[in-house]
Structures are given as C-alpha cells and as structure tokens.
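All remarks here apply to the structure that follows.
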Amino acid sequence: MTVRFAVIGLVSSDLAASLAFYRRLGLVFPEGSEEQPHVEAELPGGLVLALDTEETIRSFHPGWHPSAGPGRVSLAFRCDSPAEVDARYEELVAAGHHGELKPWDAFWGQRYATVHDPDGNPVDLFAPLSATGE
C-alpha cells in the first residue's frame, strides 16, 4: 500500500478574503464558493488546495482552536483503504506522535484521522469509505 500526498488544507477566518487572494494567484474555485463552508481548487500535478471555515472544522472537531502562531496549514495524505487509515494512525501514535483525532467515518464519506507531526502540524489521513482493503 502506498500513501500519496493529495491535499493542502487551510483554515480561513475570512473565506471571501482567502478566495480573493488565491484567485489572484490564478487558482480556480467554483462560482459561489464564498457561501460554502469547504471549497477546493485543483493544483497542477493533481494536488488540491482546500479552504475550510473555522466553523467547518469545529463542526467535527469541537476542541479545535486556531494556532497562536502565524500559520494554519495542515497536510492530508490519501490512503488506499479505510483500514490503512487506521493502521497508519496506530503506527504513528505508537511511534510517539500525538494522535489529535482518532480514525472515524466522516459524514462526507471518508475514513478520517489526524496526527501531529514532530512540530505540531496537523497531518490528516483519509480514504474513501467505499475503498476495500487488500
């Protein structure tokens, strides 16, 4: 099984301002994105830039709060199956990394978990719930 770097996620305190900024850099977001809680733009090479409002993050992670520092970036890695999300999460936590959000079946159709990297940056692990393990 191979994980693939897939998503760069940013939490926005002002989604309209963030959209305007990234659109000025040439990213394309769907019409009406300013009214959505989560939006995505495809990047060259197949990566995705995802913007979420603070309220969206709190809807599934009530204890979340903005970092005290200047950055609010998270990385997300797509796994081959929901079982791999669980296995990778357990492997990283067993290696001493902080497990922020245990694997769960998210309402948007993914198995999802969050672990912090050594610097405290959130790293999400996900797989479509319809994926089957090997």
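Here, residue 1 is the first one in the sequence, and each next residue gets the next number.
- Shown here are the side chain to side chain contact (heavy atoms under 4.5 Å, CB included) partners of Ala106, two or more places apart in sequence or in another chain: Trp104, Trp108, Tyr112.
- With values rounded to the nearest 0.5 angstrom, Leu51 atom CG is found 8.5 Å from His38 atom NE2.
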- side-chain contact (heavy atoms from CB on, under 4.5 Å) between Leu101 and Trp64: does it pass, once the steps are laid out? CA-CA 10 Å; Leu101 193 59; Trp64 179 87; over 6 Å; no
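- A side-chain donor-acceptor contact under 3.5 Å links Arg4 to the backbone of Thr2.
- Rounded to the nearest 0.5 Å, atoms CG (Leu49) and CG (Leu43) are 5.5 Å apart.
- Side-chain contact between Ser12 and Glu54 is absent, with no heavy atoms from C-beta onward closer than 4.5 Å.
- Distance CG/Asp124 to CD/Glu100: 10.0 Å, rounded to 0.5 Å.
- The shortest non-hydrogen separation linking Arg111 to Leu129 is N-CD2, 3.6 Å.
- Residue Arg88 comes nearest to Met1 through the heavy atom pair NH2-O, 3.7 Å, listed as atom of the first residue, atom of the second, then distance.
- Comment: Arg23 engages Glu34 in a salt bridge, judged by a side-chain N to carboxylate O separation of less than 4.0 angstrom.
- Asp14 contributes atom CG, which lies 13.0 Å from atom CZ of Phe21 (distance to the nearest 0.5 angstrom).
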- Message: Pair Thr53, Thr56 - check side-chain hydrogen bond (donor to acceptor under 3.5 Å, both in side chains), show working.
- Response: CA-CA 5 Å; Thr53 64; Thr56 298; 2.8 Å; yes
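- Of all non-hydrogen atoms in Val28 and Ala41, the two that sit nearest each other are O-CB, 3.3 Å.
- The two residues Cys79 and Val3 make their nearest non-hydrogen contact at SG-CG1, 3.8 Å.
- Rounding to the nearest 0.5 Å places CG of Leu27 at 11.5 Å from OG of Ser18.
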- Task: Let me see the working for Phe60 and Phe107 under side-chain contact (heavy atoms from CB on, under 4.5 Å), right down to the final yes or no.
- Result: CA-CA 9 Å; Phe60 63 86; Phe107 59 87; 4.3 Å; yes
- Run the side-chain contact (heavy atoms from CB on, under 4.5 Å) check on Ile8 and Val48 step by step: do they pass? CA-CA 6 Å; Ile8 300 167; Val48 170; over 6 Å; no
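- Remark: Asp52 CG to Arg58 CZ distance equals 12.5 Å, nearest 0.5 Å.
- Nearest heavy-atom pair, Ser33 versus Phe29, reported as atom, atom and distance to 0.1 Å: OG-CB, 3.6 Å.
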- Going through the distances and angles, do Val7 and Phe77 end up as a side-chain contact (heavy atoms from CB on, under 4.5 Å)? CA-CA 7 Å; Val7 177; Phe77 289 84; over 6 Å; no
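- Tyr89 and Lys102 get closest at one heavy-atom pair: OH-CG, 3.4 Å.
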